[in-house]
Chemist: 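For reference, the structure I am asking about is given below.
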Amino acid sequence: MGNELDFSKIEKKWQQRWEKTRIFEAEPDGKKKFFFTTPYPYISGSLHVGHGRAVSESDIFCRYLRMKGYNVLYPMAFHITGTPVLGISAAIKAGDTEKINLYEEYVGAYVTSKDKVKKIVKSFANPQKIVDFFIPRMMEEYKQLGLSVDWRRQFTSGDMEHQQMVSWQFEQYRKKGYLIKERYPVLYCPDDESAMGEDDIQDADSEPVEKIEFTLLKFSFGKKFLVAATLRPETVFGQTNLWINPEVSYIEAEVGEEIWIMSEEGYEKLRYQRSDIKKIGYLKESLLGKKALAPMIHRELMILPSRFVDADVGTGIVTSVPSDAPYDYVALRELQRLSAEQKKKIGFTLSQIEDIEEIEVIPIITTAKYGDKAAVKVVETTQVITQDDPRLEKLTQEVYKEGYHAGTLNENCEAYEGMLVKEAKEKMKHIMLAKHEAAIMYEPSRKAVSRSGGKIIVALLDNQWFIDFNAPGWKEKAAECLQKTKLLPERTRAQFIDTFAWLDKRPCARKRGLGTPFPFDTNWIIESLSDSTLYMTLYTINHLIRKNKLKREQLSTVFFDYVYAGKGAMKEVAKKTKIKEPVLLELRKSFEYWMPVDQRHTFTLHLPNHLSFMLFAFASIFPENYWPRAISFHGLVVSEGSKMSKSKGNVITLLDIKKKYGADVFRFYLTNSTNIEGTFDWRESEAQNAKATIERVYATLQEAATMRKKGAVRPLFISRFNSILKNAGEKLSQMKLREYTAAAIFDMLRLVKDAKLVMEKKELYAFYYLIGNSWVRLIAPVCPHTAEEVWSIFGKNGFVSLASWPEHDEGQIDMKLEQAEHAVDTTVTDILHVLALVKEKQRKNPEKVYVYVLPHEYDTYSAKILTKRVGMSVEVYAVNDPKKHDPTGKAGKARPGKPGIYVE
RNA sequence: GCAGGAGUAGCGAAGUGGUCAAACGCGAGGGACUCAAGAUCCCUUCCCUUAGUGGGUUCAGAGGUUCGAAUCCUCUCUCCUGCACCA
């Protein structure tokens with residue numbers, strides 16, 4: 001048909017009108033305010049439906065609140081701080097073709113000329129250019145969803161206004177003693193000379209890299225020490241020998257007063273973990289066959305050769321515990337099985353060969369699953385023969401896991417007998433550390449390289465700044481804040497409580513990245529989750545800062561003390577900041593008017609980090625009346641059943657939405673297909689259905705707008721209509737968006753359908769008159785563009801976005817009537833059933849249907865309606881009621897004394 | 001491993017002590033309309049039975065509490081998510 005709905009045209013039209021008339025620019029007024037926020041997006045490419053979900057759900061709710069008479073502030077900003085933007089920039093600068101292609105694709109979505117695309121991407125070598133390019137486009141994409149955002153207040157986390165605010169926040173933290181400095185291990189790249197986050201490491205998103213703590217066991221070797229790295233200090237009682245790799249070059253290094261022996265690679269890593277280490281030179285003597293004194297157990301252990309020892313894992317020296325380490329057991333057995341001749345060839349003396357033969361496995365840990373020599377057991381059952389067998393890796397993990405969780409130390413472990421492995425591990429480690437028989441070394445959990453190919457190691461940073469969530473009093477305050485915050489759904493509270501308990505010290509500054517300089521140590525940048533805990537407060541004043549062209553230096557501590565905390569005399573503040581008093585007053589008033597945040601709508605994944613930090617921040621910086629009032633959560637977005645990812649090609653961007661469906665369809669489909677906490681699965685085919693549904697709504701409303709005429713409508717439909725209004729409103733007020741759209745769209749469509757079925761034209765038009773105007777307003781939150789368009793067809797002035805919410809009329813709701821209708825409905829269905837059967841069996845059309853009902857139900861049934869609905873003559877009687885019981889006796893055979901349907 | 005969450009019809013899900021074979025949407029099948037397709041409308045869609053309104057077995061599995069449980073308790077299994085400097 002020619003009049004197919006062109007959503008994009010309608011949407012564009014209304015978006016422009018909203019913008020032009022500035023109806024969503026909120027300013028303090030006499031109405032009750034509602035300050036609604038949702039997290040700002042990080043710029044790393046196009047916005048997709050995941051971003052679309054948070055803002056659309058928020059927008060629907062904001063639009064509802066606006067129609068309910070609230071003065072709603074719904075702002076938005078952009079997150080640019082941290083390392084990713086910098087990483088992108090660096091990669092492009094370095095000529096990383098993968099990144100360049102990716103970004104050419106992103107930019108290509110907006111810019112057609114290929115040359116221009118290349119040029120733009122090239123300019124991304126400057127990170128600011130990335131920000132400058134994407135932000136206006138992201139704003140455009142958000143606008144295309146029809147968001148009722150006050151864009152005047154927009155900023156990025158890199159803007160000076162935000163930086164000044166964050167600096168002020170950290171000054172408060174410092175005053176309260178929430179910032180501390182400590183040593184801290186980080187993933188580090190010596191080539192790049194900087195700490196590495198997940199984004200900086202190759203494949204770290206799919207195979208995460210962790211920091212692992214090794215215990216360095218110190219074996220006395222003359223006056224020197226051989227240091228062996230182990231993850232299992234609790235197994236020292238099972239040690240039988242030491243492993244080195246004859247292929248590896250070992251070095252000697254001065255460590256404090258001592259001399260340590262280790263692989264060169266080990267030294268290179270340890271260098272970044274302790275300042276007291278210094279290389280002397282290559283080890284001159286041979287270690288093979290010699291003995292060293294083991295820590296803790298103080299036994300002499302022989303140094304033996306192996307192939308599995310990797311110079312680049314730990315120190316390149318490994319202690320051997322054949323009872324619980326499959327590698328050790330296999331390597332030991334391999335060695336023992338060599339003929340005396342072969343051993344001689346390696347360089348062992350006769351007595352050494354004897355000693356080697358005599359080495360026996362010492363059982364130390366007992367588990368129900370593997371008995372007391374786990375490694376021996378798994379090696380025997382899998383028949384692993386050589387230390388090169390790849391299965392050993394897995395066996396090691398299995399044995400380790402079982403031992404750790406279910407193992408107990410046995411009688412060979414002296415004082416530790418009977419202790420759980422879990423406990424013994426910590427205890428023995430600490431004792432050895434205390435006796436200087438051991439030290440600590442950190443390693444990445446896997447071999448990893450940075451994006452530029454440099455090796456990743458662990459470095460200990462000496463002066464890392466932390467936010468100390470365990471600072472006295474803070475957790476209590478945060479808990480109080482949490483307790484006063486309304487949570488949607490409420491069950492997330494348990495997770496918050498759990499997270500609060502777990503929060504300890506969080507490094508809050510980095511050496512690299514975009515962001516706010518750490519106020520007390522400008523070599524550092526405030527880490528990007530720590531700088532985004534109070535940013536929503538800036539919405540309350542940012543447009544005024546801009547309007548009055550305030551400069552960075554004016555937004556000083558004094559400024560925020562006054563505007564954010566009401567501290568200081570205005571006169572003084574004006575003098576110090578060189579801001580005029582009325583301006584200051586306006587800023588302060590604006591802040592006071594909009595605060596607190598009434599609701600924050602976010603992704604559940606943000607709970608353990610962003611939202612928890614946010615509550616801590618608010619609890620510490622602001623008095624109780626400025627604490628956030630409510631937090632609501634939305635679920636994940638996936639596409640065609642699986643997680644969205646570029647490699648799968650199933651990322652649905654907001655540009656796609658615009659091209660294929662339009663905002664209203666997206667908003668409706670999104671909210672109607674899952675409840676707010678659920679996972680939203682974008683499915684192309686269902687999106688198409690959603691589109692058809694909205695087209696139907698539009699067509700119906702259009703018909704209603706043109707045909708409607710005042711008149712009488714039967715009470716049942718008035719009642720049903722009001723029930724829908726009531727239900728939809730109640731659900732929406734609780735942010736149950738799915739139920740709301742189900743009522744506003746599907747229930748209403750059904751109601752219209754039913755009306756068309758039973759009403760004559762005159763009544764139908766009156767029915768249109770009844771519902772039209774309210775129905776448009778009912779759908780306005782979810783489908784604002786469609787609603788505006790219809791609103792104009794109705795000949796209404798102004799925007800439906802600013803119209804009042806269609807309240808139901810309780811007095812018009814007659815539940816009895818609706819129930820009766822429902823009863824009739826099921827009866828009709830039953831009659832049709834029976835008729836179908838009758839037709840089949842008797843092969844002739846029956847004459848008449850008799851319905852027998854219980855006396856109290858009698859008034860419910862109208863023979864006339866039934867007749868009409870069924871399409872043949874229906875008579876209704878009540879059973880066992882002399883008055884209503886088949887008075888004519890013409891109903892044929894005697895009826896049983898129970899209700900039923902009979903056809904003749 | 002720790003923590004949080006989830007497991008209901010082909011699918012998405014609603015239902016949190018009785019009114020539940022289970023709303024609503026999608027999908028599937030049948031029918032009406034149509035030259036046809038689409039749209040729309042009607043019916044069916046756990047199993048059995050049937051001139052219908054009947055019966056049976058169900059809500060991951062196993063126990064338990066209760067007159068009564070998908071809903072409360074215990075255990076088990078499976079899946080998802082998070083576990084810190086990373087946005």
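Naming convention: chains lettered A, B, ... in sequence-line order (proteins, then strands); numbering from 1 in each chain.
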Chemist: Using a heavy-atom cut-off of 4.0 Å across all strands, would you classify A:Lys736 as base, sugar-phosphate, or nothing?
Modeler: nothing
Chemist: Which nucleotide, in any strand shown, forms a Watson-Crick or G-U wobble pair with B:A3, with both distances under 3.5 Å?
Modeler: B:U81
Chemist: Is A:His610 touching bases, backbone alone, or none of the nucleic acid, heavy atoms closer than 4.0 Å?
Modeler: nothing
Chemist: Taking the six-membered ring where the residue is Trp, are the ring centres of A:Phe500 and A:Phe469 under 6.0 Å apart?
Modeler: no
Chemist: Rounding to an integer number of Å, can you tell me how far A:Tyr442 OH sits from B:A84 C1'?
Modeler: 15 Å
Chemist: If you only use heavy atoms from C-beta on, which nucleotide in B:G82, B:C26, B:A84 is closest to the side chain of A:Asn689?
Modeler: B:C26
Chemist: Taking salt bridge (Lys or Arg N to Asp or Glu O under 4.0 Å) as the test, write out the residues that go with A:Asp468, two or more places apart.
Modeler: none
Chemist: Quantified in whole Å, what is the P atom distance between nucleotide B:C41 and nucleotide B:G4?
Modeler: 47 Å
Chemist: Side chain of A:Asp504, heavy atoms from C-beta onward: which of B:G82, B:C42, B:A84 has the nearest atom to it?
Modeler: B:A84
Chemist: Tell me what A:Asn609 touches on the nucleic acid: a base, only sugar-phosphate, or nothing, going by heavy atoms under 4.0 Å.
Modeler: base
Chemist: Roughly how far apart, to the nearest Å, are B:C24 and B:C77 at atom C1'?
Modeler: 31 Å
Chemist: Report the distance from atom CG of A:Leu737 to atom P of B:A13, rounded to the nearest whole Å.
Modeler: 16 Å
Chemist: Nearest-Å distance, CD1 (A:Ile467) to C1' (B:A84)?
Modeler: 12 Å
Chemist: Yes or no on side-chain hydrogen bond (donor to acceptor under 3.5 Å, both in side chains) for A:His79 and A:Thr81, after CA distance, side-chain angles and deciding distance?
Modeler: CA-CA 6 Å; A:His79 196 196; A:Thr81 43; 3.0 Å; yes
Chemist: Pick base, sugar-phosphate or nothing for A:Thr81, based on heavy-atom distances below 4.0 Å to the nucleic acid.
Modeler: sugar-phosphate
Chemist: Restricting both atoms to N or O, compile the protein contacts to nucleotides 10-12 of chain B shorter than 3.5 Å, with distance only.
Modeler:
{"unit_1": "B:G12", "atom_1": "O2'", "unit_2": "A:Ser673", "atom_2": "O", "d": "3.4"}
{"unit_1": "B:G12", "atom_1": "N2", "unit_2": "A:Arg738", "atom_2": "NH2", "d": "2.9"}

Chemist: Would you call the rings of A:His48 and A:His51 parallel, tilted or perpendicular, taking 30° and 60° as the class edges?
Modeler: tilted
Chemist: Would you mind pulling out the nucleotide paired to B:C20, Watson-Crick or G-U wobble, both distances under 3.5 Å?
Modeler: none
Chemist: Quantified in whole Å, what is the P atom distance between nucleotide B:C33 and nucleotide B:U19?
Modeler: 42 Å
Chemist: Grab the CG-P distance between A:Leu420 and B:G1 for me, whole Å please.
Modeler: 15 Å
Chemist: Applying a 4.0 Å non-hydrogen cut-off, can you work out what A:Lys505 is touching in the nucleic acid: base, sugar-phosphate, or nothing?
Modeler: base
Chemist: Work out how far the C1' atom of B:C47 is from that of B:U58, and round it to whole angstrom.
Modeler: 10 Å
Chemist: Can you tell me the base-pairing partner of B:G68? Count Watson-Crick or G-U wobble geometry only, both distances below 3.5 Å, and say none if there is no partner.
Modeler: none
Chemist: If the C1' atom of B:G5 is compared with that of B:A9, how far apart are they to the nearest Å?
Modeler: 23 Å
Chemist: Name the nucleic acid region contacted by A:Arg750, choosing base, sugar-phosphate or nothing; use a 4.0 angstrom heavy-atom cut-off, strictly under.
Modeler: sugar-phosphate
Chemist: Could you check A:Ser528 against A:Trp502 and say which one's nearest nucleotide on RNA chain B is further toward the 5' end?
Modeler: A:Trp502
Chemist: Once you apply a heavy-atom cut-off of 4.0 Å, does A:Phe466 come out as touching a base, just sugar-phosphate, or nothing?
Modeler: nothing
Chemist: Between A:Thr671 and A:Arg738, do the side chains contain an N or O donor and an N or O acceptor separated by less than 3.5 Å?
Modeler: no
Chemist: Need one value for A:Leu607: base, sugar-phosphate or nothing, where a base atom within 4.0 Å counts as base even if backbone is also close, heavy atoms only.
Modeler: nothing
Chemist: Closest approach of A:Ala744 and A:Ile779, non-hydrogen atoms and distance?
Modeler: O-CG2, 3.9 Å
Chemist: On RNA chain B, compare the nucleotides closest to A:Gln495 and A:Leu636; which residue's is nearer the 5' end?
Modeler: A:Gln495
Chemist: Mind checking who B:U40 pairs with, Watson-Crick or G-U wobble, both distances under 3.5 Å?
Modeler: B:A32
Chemist: Return the value, rounded to whole Å, for the distance between atom CG of A:Asp747 and atom C1' of B:A23.
Modeler: 10 Å
Chemist: Let me know which of A:Phe170, A:Tyr184, A:Phe518 forms a ring pair (Phe, Tyr, Trp, His ring centres under 6.0 Å) with A:Trp465.
Modeler: A:Phe518
Chemist: Could you tell me how far B:A13 sits from B:A21 if I compare only their C1' atoms? Round to whole Å.
Modeler: 16 Å
Chemist: Of all the choices, B:G82, B:U40, B:A84, which nucleotide is nearest to the side chain of A:Arg696 once you look at every atom?
Modeler: B:U40
Chemist: How long is the line joining CZ of A:Phe616 and P of B:A84, in whole Å?
Modeler: 17 Å
Chemist: What do the steps show when you test A:Ser530 against A:Glu527 for side-chain hydrogen bond (donor to acceptor under 3.5 Å, both in side chains), and what is the final call?
Modeler: CA-CA 5 Å; A:Ser530 305; A:Glu527 178 272 327; 2.6 Å; yes
Chemist: In this structure, how many angstroms lie between the C1' atom of B:C24 and the NZ atom of A:Lys753, rounded?
Modeler: 13 Å
Chemist: Between B:A84, B:G82, B:G25, spot the one nearest the side chain of A:Phe746, thanks.
Modeler: B:G25
Chemist: Just how far, in rounded Å, is P of B:A39 from CG of A:Leu749?
Modeler: 15 Å
Chemist: Once you measure the plane-to-plane angle for A:Tyr535 and A:His162, does it fall in the parallel (<30°), tilted (30-60°) or perpendicular (>60°) bin?
Modeler: perpendicular
Chemist: With A:Tyr178, which residues qualify under side chain to side chain donor-acceptor pair (under 3.5 Å), at least two apart?
Modeler: none
Chemist: Determine the Euclidean distance between corresponding P atoms of B:C42 and B:U57; express it in Å to zero decimal places.
Modeler: 34 Å
Chemist: Determine the Euclidean distance between corresponding C1' atoms of B:G10 and B:U45; express it in Å to zero decimal places.
Modeler: 10 Å
